[in-house]
Amino acid sequence: MAALQPVRGTHDLLPEDHRRHRHVIDNAAGVSSLYGYEFMSTPIFEFTQVFKRTLGDTSDVVTKEMYTFTDKGGDEITLRPENTAGVCRAFMSNGLAQHAPVRYFYGGPMFRYERPQKGRLRQFHQIGIELIGAPQPQADIEVIACGAAILDRLGILGRTELELNTLGDTASRTEYRNALVEYFSDHKDSLSEDSRDRLNRNPLRILDSKDEGDRKLIVDAPVFSDYLNQESQEFFATVRQGLDDIGIGYRLNPRLVRGLDYYCHTAFEFTTTELGSQSAVMAGGRYDGLMEMMGGQPTPGVGWAAGIERLSMLATEPEGGARPVALVPMGEAAERQMLKLAETLRHAGVQVDMAFGGNMKKRMKRADKVNASQAVILGDDELARGVVQIKDLATGEQIEAPMDGLAARLAPPM
RNA sequence: GUGGGUGUAGCUCAGUUGGUUAGAGCGCCAGAUUGUGAUUCUGGAGGUCGUGGGUUCAAUUCCCAUCACUCACCCCA
């Protein structure tokens with residue numbers, strides 16, 4: 001049995017699950033296309049360096065969550081834990097700087113070696129958008145607005161809250177980071193074990209600690225706004241003004257910190273209380289330093305990613321698919337005729353179900369099971385007269401109709 | 001990676017204070033005379049009680065380990 005189990009933290013997407021995923025992807029792609037974002041995909045694995053350089057050597061994702069292996073050619077390969085680095089790599093590989101700014105929408109599987117939980121998997125799926133090549137704060141506003149519109153389309157915007165923060169530009173952030181490290185280093189003995197670890201890896205995270213002792217220290221810790229330079233302050237003010245102007249509510253959360261190194265300026269997260277300890281539904285921000293980190297020309301970017309599993313747990317149930325017409329032949333001659341008819345109907349756009357065998361009763365049962373709207377019945381008698389019986393499976397009404405022109409009769413209205 | 005909970009039929013769950021053949025509902029299969037489903041009635045199949053080890057005359061039940069799921073921490077989508 002163990003061998004027949006899927007790998008921990010991975011799931012099969014059976015048709016029903018897939019319908020929910022597609023519902024999320026289709027709506028998100030549809031809405032983002034209104035903002036000019038076009039679907040694109042990058043490979044699900046990249047050279048390990050693509051992620052190592054961009055995510056930061058100390059981030060959890062890099063230190064313990066990557067699925068990394070050496071392939072047969074000796075290359076170090078990693079299954080993508082997120083897609084921003086891949087999209088940026090693609091932007092550079094394809095020389096797209098000349099087309100900047102570019103807008104991309106993506107969706108697909110991501111991989112992180114984590115302990116599974118509700119809304120947290122080892123293979124999960126994300127959708128996301130990236131707006132590359134636009135340094136203006138208006139780009140941040142557009143990206144957030146697009147995300148909000150998607151959540152709204154999925155019927156979950158009302159159950160989320162937009163949290164907003166600024167991480168400042170690199171200069172501000174570095175200065176603040178240093179101040180924090182200095183402050184907490186002085187109180188190192190009072191810090192929790194987790195936070196002592198954070199001090200080396202990501203000191204900003206300490207601000208979000210749930211440990212009571214830490215919280216006491218945090219009260220007197222340096223405040224980021226004191227370290228934000230003029231430019232960073234203006235940038236953030238413009239973003240906030242824009243959100244106000246288009247009526248997107250948000251809550252300032254100075255503790256909102258990104259785990260990944262490449263973020264700067266705007267950081268945001270749409271959160272919910274409906275997913276247990278996983279609160280983030282859609283999260284993103286600005287990553288102006290990323291391309292440079294990868295060895296390319298400095299290029300600004302903003303974007304977000306959202307977990308499809310999390311979204312589909314919150315989204316309203318999509319409607320069931322179209323209902324087929326069931327073909328019920330009786331006898332060998334009728335079966336051959338039906339095979340031809342089935343093709344004709346399908347080419348005319350009618351969804352058709354025909355069992356591979358069985359008597360009439362079995363076929364009718366199957367018609368019911370596949371949720372057919374109508375059954376088209378053909379026996380020797382009908383065959384001789386060139387007609388079929390059409391039975392409405394909801395009402396039980398049955399009428400006779402000529403075989404010619406059946407497609408037009410059964411085809412869904414345009 | 002750390003700690004708690006759970007694991008009985010395809011699904012949702014009873015149950016066994018250790019003792020012959022482990023139950024229900026739903027689902028599945030078959031039948032209720034000739035070419036009619038869903039409804040109704042009758043019958044049937046399906047479980048090494050997650051897996052491995054231990055204690056015992058005897059374990060699905062107690063103990064240990066392991067795996068999976070789940071919740072929290074960590075982290076994040």
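Every chain is numbered from 1 and lettered A, B, ... according to where its sequence line falls, protein lines coming before strand lines.
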Legend entry - Strand RNA chain B in bracket notation, Watson-Crick/G-U under 3.5 Å with | for pairs to another chain: (((((((..((((.....[...)))).(((((.......))))).....(((((..]....))))))))))))....
Which nucleotide in the set [options] lies at the smallest distance from any side-chain heavy atom of [X]?
X: R198(A); options: rU36(B), rG35(B), rC75(B); value: rC75(B)
X: P116(A); options: rC28(B), rC69(B), rA77(B); value: rC69(B)
X: Q117(A); options: rA72(B), rG35(B), rU36(B); value: rA72(B)
X: A305(A); options: rA77(B), rC69(B), rG1(B); value: rA77(B)
X: R115(A); options: rC75(B), rU70(B), rC29(B); value: rU70(B)
X: E114(A); options: rU70(B), rU36(B), rA77(B); value: rA77(B)
X: D194(A); options: rG35(B), rC74(B), rU70(B); value: rC74(B)
X: E65(A); options: rG35(B), rC71(B), rC75(B); value: rC75(B)
X: L393(A); options: rC74(B), rG37(B), rU70(B); value: rG37(B)

Can you see if the side chain of [X] gets near the phosphate of [N] - specifically, an N or O under 4.0 Å from OP1 or OP2?
X: K365(A); N: rC28(B); answer: no
X: K361(A); N: rA38(B); answer: no
X: R8(A); N: rC69(B); answer: yes

Inset, instruction - Considering only atom C1', compute the distance from rU56(B) to rG19(B) and round it to an integer number of Å. - result: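 It comes out at 12 Å once rounded to the nearest Å.
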Inset, instruction - Identify whether the distance between the nearest side-chain nitrogen and carboxylate oxygen of E400(A) and R385(A) falls below 4.0 Å. - result: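 R385(A) and E400(A): salt-bridged.
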Inset, instruction - Using the closest heavy atom to pick a nucleotide of RNA chain B for each, name whichever of I308(A) or I377(A) lands nearer the 5' end. - result: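 Result: I377(A).
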Inset, instruction - Specify the residue among M360(A) and Y113(A) whose closest nucleotide of RNA chain B lies further upstream toward the 5′ end. - result: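 Counting from the 5' end, the first nearest nucleotide belongs to Y113(A).
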Contact class for [X] vs. all strands (heavy atom < 4.0 Å): base, sugar-phosphate, or nothing?
X: L311(A); result: nothing
X: R363(A); result: nothing
X: Q374(A); result: nothing
X: R120(A); result: base
X: M110(A); result: nothing
X: G119(A); result: base
X: G284(A); result: nothing
X: L121(A); result: base
X: V281(A); result: sugar-phosphate
X: A283(A); result: sugar-phosphate

Legend entry - Presence of donor-acceptor pair under 3.5 Å, side chain of Q398(A) and base of rG35(B):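 There is none.
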Inset, instruction - Measure distances between side-chain N and O atoms of K118(A) and base N and O atoms of rU70(B), and say whether any donor-acceptor pair falls under 3.5 Å. - result: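 Checked by distance alone, the answer is no.
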Legend entry - Modelled atom types, side-chain donor and acceptor of E182(A) and N178(A), under 3.5 Å: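 The answer is no; no qualifying pair exists.
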Legend entry - Distance-only donor-acceptor check, side chains S195(A) and R198(A), under 3.5 Å: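 On atom types as modelled, these side chains qualify, holding a pair under 3.5 Å.
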Taking atom [atom2] of [N] as reference, at what distance in whole Å does atom [atom1] of [X] sit?
X: R122(A); N: rC75(B); atom1: CZ; atom2: C1'; result: 14 Å
X: F270(A); N: rA77(B); atom1: CZ; atom2: P; result: 14 Å
X: Q126(A); N: rA77(B); atom1: CD; atom2: P; result: 7 Å
X: N359(A); N: rU36(B); atom1: CG; atom2: P; result: 9 Å

Inset, instruction - Please find out if less than 6.0 Å separates the ring center of Y176(A) from that of Y227(A). - result: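 When the ring centroids of Y176(A) and Y227(A) are compared, they turn out to be within the sub-6.0 Å range.
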Inset, instruction - Identify whether NZ of Lys or CZ of Arg in R122(A) sits under 6.0 Å from the centre of the six-membered ring of Y113(A) and within 45° of that ring's axis. - result: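 R122(A) over Y113(A) ring: yes.
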Legend entry - Closest contact, heavy atoms only, V352(A) versus R346(A):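 Looks like O-NH2, 3.3 Å.
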Inset, instruction - Can you spot which of E269(A), E161(A), E163(A) makes a side-chain hydrogen bond (donor to acceptor under 3.5 Å, both in side chains) with N253(A)? - result: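 So the option named by the test is E163(A).
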Legend entry - Interface with RNA chain B, restricted to residues 152-162 of chain A and to heavy atoms under 4.0 Å: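 Contacting residues: none.
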